[in-house]
Amino acid sequence: MSVLWQARILVFLLSLGIGGVSVWFLSPAAAGGLRKLPRARLFGMLLSAICWVWVFLWLWWHPIDFLSFLTPARLVIALVVCIPLSWVLLQNLLCARALGGLFMLWPMPVILVVRDFETGWRLVPIVLGYVSLTFGMFVVFYPWIFRVGSEFLAEHTALRRGVAFGGLVLSGMLLIVALCLGKVVGA
């Protein structure tokens, strides 16, 4: 699969994810779910394992020079060791940290693809990617910010509806971006 198709799939999945979360924000169960989300243990374990597998696959297919000592066998050992270690050492607000990890991981393949295209649409995933990357770093290093934000959204219904509407608009825009990636639009 080409890197362009990987980027399209990532942006499409991001669009579906943001749209799904936005629709969920409109439901009455969202307030209770937002209060529980940062400390959701099993969901955090699943998301952190996904993050570690993503990093493992990225290092497998795109080796980095200063990590060349990580042979394929050492990579597998690192994966097997890092997943349980993160579950044990980061168990407080693990779900928030794992979501932050996903916010940091998705932009790189997309940014690498769209930076070479001469189109105005390339700025949308690049800006979103850098915003997501910065937000992800804050959430990983300061997961209590995610917890406080979740509790604030749970308490304020009007704000949650506004965020849901903004998320639906963003989801639609990302769907258009996913369809236009790799094409010259408006040039």
Side-chain angles (χ1 to χ4, degrees), residues 7-55 58 82-111 114 121-178 181:
R8 281 184 179 156
I9 290 170
L10 279 173
V11 173
F12 179 72
L13 290 175
L14 183 66
S15 170
L16 288 179
I18 289 173
V21 168
S22 299
V23 169
W24 178 70
F25 271 18
L26 296 173
S27 74
L34 279 169
R35 285 188 186 93
K36 295 176 186 174
L37 180 65
R39 296 193 190 273
R41 180 93 174 115
L42 291 176
F43 190 54
M45 291 171 78
L46 173 71
L47 288 179
S48 65
I50 290 171
C51 287
W52 281 113
V53 168
W54 190 329
V55 169
W58 188 260
C82 288
I83 290 175
L85 269 180
S86 65
W87 293 348
V88 171
L89 298 176
L90 302 175
Q91 57 185 305
N92 185 24
L93 298 172
L94 177 64
C95 186
R97 286 184 167 111
L99 282 170
L102 287 177
F103 278 115
M104 289 191 308
L105 287 171
W106 80 263
M108 185 50 68
V110 175
I111 290 171
V114 298
W121 279 104
R122 77 185 178 132
L123 295 178
V124 175
I126 288 175
V127 169
L128 267 171
Y130 281 115
V131 167
S132 174
L133 186 65
T134 305
F135 177 73
M137 284 189 285
F138 274 107
V139 171
V140 167
F141 293 120
Y142 307 108
W144 58 270
I145 293 174
F146 185 82
R147 180 184 50 79
V148 169
S150 294
E151 290 173 358
F152 189 76
L153 275 176
E155 293 172 6
H156 298 88
T157 307
L159 180 63
R160 195 170 58 247
R161 287 184 182 147
V163 169
F165 177 72
L168 288 172
V169 170
L170 180 62
S171 176
M173 189 169 60
L174 283 172
L175 187 60
I176 293 170
V177 167
L181 270 178

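The local environment of CH2 in W144 is sparse, with at most 12 non-hydrogen atoms from other residues, nucleotides or ligands closer than 6.0 Å. By the 6.0 Å contact criterion, CG on L89 is enclosed, its count of non-hydrogen atoms from other residues, nucleotides or ligands being greater than 12. Annotation: R161, atom CZ; neighbour count of heavy atoms from other residues, nucleotides and ligands within 6.0 Å does not exceed 12.
Counting all heavy atoms, side chain and backbone alike, W87 lies closest to A49 at CZ2-CB, 4.2 Å. In terms of heavy-atom proximity, W52 sits nearest to S86 at NE1-OG, 3.3 Å. R160 and A31 get closest at one heavy-atom pair: NH1-CB, 3.9 Å. Contact detail for A96 and V139: the closest heavy-atom pair is O-CG1, 2.9 Å. When all heavy atoms of G100 and V140 are compared, the pair lying nearest together is C-CG2, 3.6 Å. Looking at every heavy atom in both residues, A40 comes nearest to C95 through O-CB, 3.5 Å.
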Run L94 and R39 through side-chain contact (heavy atoms from CB on, under 4.5 Å) and show every step you take.
CA-CA 7 Å; L94 177 64; R39 296 193 190 273; over 6 Å; no

Where do L14 and W106 land on the side-chain contact (heavy atoms from CB on, under 4.5 Å) test, with the steps shown first?
CA-CA 9 Å; L14 183 66; W106 80 263; 3.4 Å; yes

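When atom types are taken as modelled, the side chain of S150 and the backbone of R35 share no donor-acceptor pair closer than 3.5 angstrom. Side-chain atoms of S48 come within 3.5 Å of backbone N or O of G44 as a donor-acceptor pair. With hydrogens and angles disregarded, a donor-acceptor distance shorter than 3.5 Å links the side chain of T134 to the backbone of Y130.
Taking CZ from F146 and CG from L99, the interatomic distance works out to 5.0 Å, rounded to the nearest 0.5 Å. Annotation: the span from L174 atom CG to F12 atom CZ amounts to 11.5 Å, rounded to 0.5 Å. To the nearest 0.5 angstrom, I18 atom CD1 is 11.0 Å from F25 atom CZ. Rounding to the nearest 0.5 Å gives a distance of 9.5 Å between CE of M104 and OG of S132. Going from atom CZ of R97 over to atom CG of N92 covers 6.5 Å, rounded to the nearest 0.5 Å. Atom CG of L16 and atom CG of L175 lie 7.5 Å apart (nearest 0.5 Å).
A 4.5 Å side-chain heavy-atom check between L159 and L153 finds at least one atom pair inside the cut-off. In this structure the side chain of L168 reaches within 4.5 angstrom of the side chain of V23, judged on heavy atoms.
Using the six-membered ring where Trp is involved, F152 and H156 have ring planes that are tilted, between 30° and 60° apart.
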